[in-house]
2 protein chains.
Amino acid sequence: MNNGEDECRKVGGRIRAMREGQDLSQEKLAKMIGMDPTYLSRVEQGKRNPTVKLLAKIAHGLGVELKELFDFSL
Amino acid sequence: MNNGEDECRKVGGRIRAMREGQDLSQEKLAKMIGMDPTYLSRVEQGKRNPTVKLLAKIAHGLGVELKELFDFSL
DNA sequence: ATGTGACTGTGAGTCCGTC
DNA sequence: TGACGGACTCACAGTCACA
């Protein structure tokens, strides 16, 4: 089975999709919320296992609800 | 402003509500998914900042979708 | 503009108790 | 049964140089 790496990838994909949907670069979004662009890059690729606090920051930067980052049914 | 501690509390509350709704003890749920009961206790209280992988495990143990843990509009 | 390797410090997560 | 403490390990947060 799977440990949650799938979910990490899915969340990352959601973040990327919503960011690109707003024509925002990783750099700009990262700067808005005071985080490192290289770290954001890895989260979007599902190569990291982010915490609730970090995802809350990202959701805030995107101007969306936290639960939208977990809405994989699109 | 807030760092995401609010979200931690809300997620913890959701977990607790869904667990109690299934008449499950912290110990049993923790054992089901191979996690520490003391950590589950603290997560439910919003005193810890859990990762996606851990939340995926908890959601799986509760038999619900990950996004349901972030559905605060109830 | 995005991705990767390597790195350090701190906190996520586990295990032992006690109340 | 659940809350809390201490001590511990390893992974995550966060940064930099470079591609």
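When reading the values below, keep in mind they use all heavy atoms of this one structure, side chains included, and skip hydrogens, waters and symmetry mates. Keep in mind the model is a prediction, meaning the values are calculated, not measured. In what follows, chains carry the letters A, B, and so on, assigned in the order in which the sequence lines appear, proteins first and then strands, with residues in each chain numbered from 1.
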Margin query: What is the separation between atom CG on A:Leu40 and atom P on D:dC12, rounded to the nearest whole Å?
Written below: 17 Å

Check: Rounded to the nearest 0.5 Å, how far does CG of A:Leu69 lie from CZ of B:Phe70?
Finding: 8.5 Å

Notebook entry, point to check: Quick one: side-chain contact (heavy atoms from CB on, under 4.5 Å) partners of B:Lys31, sequence neighbours excluded?
Noted result: none

Next item on the list: Kindly write out the residues that satisfy salt bridge (charged side-chain N to carboxylate O under 4.0 Å, His left out) with B:Arg42, not counting sequence neighbours, or none if the list is empty.
Entry: none

Next item on the list: State which residues pass side-chain hydrogen bond (donor to acceptor under 3.5 Å, both in side chains) with A:Ser25; sequence neighbours excluded, sorted by chain then number.
Entry: none

Checklist line | Set of side-chain hydrogen bond (donor to acceptor under 3.5 Å, both in side chains) partners for A:Glu44, sequence neighbours left out | finding: A:Arg16, A:Arg19, A:Gln26

Checklist line | All pairs passing side-chain hydrogen bond (donor to acceptor under 3.5 Å, both in side chains) where residues 46-55 of chain B contributes a residue, at least two apart | finding: A:Asn49-B:Thr51, A:Thr51-B:Asn49

Margin query: Checking B:Glu68 now: which residues fulfil side-chain contact (heavy atoms from CB on, under 4.5 Å) with it, not counting sequence neighbours?
Written below: B:Arg14, B:Met18, B:Val64, B:Glu65

Next item on the list: For DNA chain C, determine which residues of residues 8-33 of chain A have any heavy atom closer than 4.0 angstrom to one of its atoms, and list them numerically.
Entry: A:Arg16, A:Arg19, A:Ser25, A:Gln26, A:Glu27

Margin query: Using the salt bridge (charged side-chain N to carboxylate O under 4.0 Å, His left out) criterion, which residues pair with B:Asp36? Sequence neighbours excluded.
Written below: none

Next item on the list: Taking Watson-Crick and G-U wobble pairs with both distances under 3.5 Å, convert DNA chain D into its dot-bracket string, 5' to 3', dots for unpaired and | for cross-strand pairs.
Entry: .||||||||||||||||||

Check: Could you run down nucleotides 6-19 of chain C 5' to 3' and tag each one B, S or - for protein heavy-atom contact under 4.0 Å?
Finding: B-----BBBBB---

Notebook entry, point to check: If you look at every strand shown and take non-hydrogen atoms under 4.0 Å, does A:Gln45 touch a base, only sugar-phosphate, or nothing?
Noted result: sugar-phosphate

Notebook entry, point to check: For the pair made of CD in B:Glu44 and P in D:dG2, what is the distance, rounded to whole Å?
Noted result: 8 Å

Checklist line | Near-strand residues of residues 61-72 of chain A, defined as heavy-atom separation under 4.0 angstrom from DNA chain C | finding: none

Margin query: Test of understanding: with side-chain hydrogen bond (donor to acceptor under 3.5 Å, both in side chains), list the residues that count as partners of A:Lys67, not counting sequence neighbours.
Written below: B:Asp71

